[in-house]
Amino acid sequence: MLSKSIQEALNNQIRLEAESSQAYLAMASWADIQPGLDGVAQFFFQQSDEERVHMLKLIRFVNERGGFAMVPDLKQPMVTFHSLKRLFEEFLKHELGVSAAINELVDLALKEKDYATHNFLQWYVSEQIEEEKSARELNDKLELIGEDKSGLYLFDRDIMNYRTQNAAKK
Ligand code: FEO
């Protein structure tokens, strides 16, 4: 059985994962209408789907443990971005925020000696290591490319392969 405070903290995480899904959906939609960013759009559509899966896993866990997962209302995310660089900076910033929230949850689970929740959260800890790594690498690549058009062309072309390669390494 989940304690009240753990249930509340997990419900907050459900909200955060839902907000992540919305935020990346907005990024996908923005990229979708920019010329030549089809790969980036696809990357964020997929990223949005993954965040929904993160949310669903939490919902199932809370309910299985005798709690009640509440589906949250959501505020509108940032919908326009001034540049590709800005878009990826927001992506990294968002993931760093999610990592911090997961770490706090792990901390709470330990404090309350809720080892089942602690164990469940380890999947999210590993996931965040990967997500942060990807976001950092993509930001580094963009920094190197700068305004170089052919570099940007290749970045957009390769971004989906990049995801596949990372998934294969898991
Ligand atoms: Fe589920 Fe990317 O955090």
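Order of listing sets the numbers, starting from 1, for every ligand and every atom in it. Side-chain atoms are counted along with the backbone in the values below, which use heavy atoms only and exclude waters and symmetry mates.
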Give the atom name of whichever N/O/S atom in His54 sits closest to atom 1 (Fe) of ligand 1.
ND1
To the closest 0.5 Å, what do you measure between OG1 (Thr117) and CG (Leu2)?
5.0 Å
Glu17/Lys57 ion pair, N-O < 4.0 Å
no
For the pair Tyr24 and Phe91, name the ring-plane relationship: parallel under 30°, tilted 30 to 60°, perpendicular over 60°.
perpendicular
Charged N to carboxylate O under 4.0 angstrom, Arg15 versus Asp73?
yes
Strictly under 2.8 Å, is any N, O or S atom of Glu127 next to atom 1 (Fe) of ligand 1?
no
For Glu131, the N, O or S atom at the shortest distance from atom 2 (Fe) of ligand 1 is OE1
Regarding Glu17, does it place an N, O or S atom less than 2.8 Å from atom 2 (Fe) of ligand 1?
no
Does Glu51 put an N, O or S atom under 2.8 Å from atom 2 (Fe) of ligand 1?
yes
Is atom CD of Gln122 surrounded by more than 12 heavy atoms (other residues, nucleotides or ligands) closer than 6.0 Å?
yes
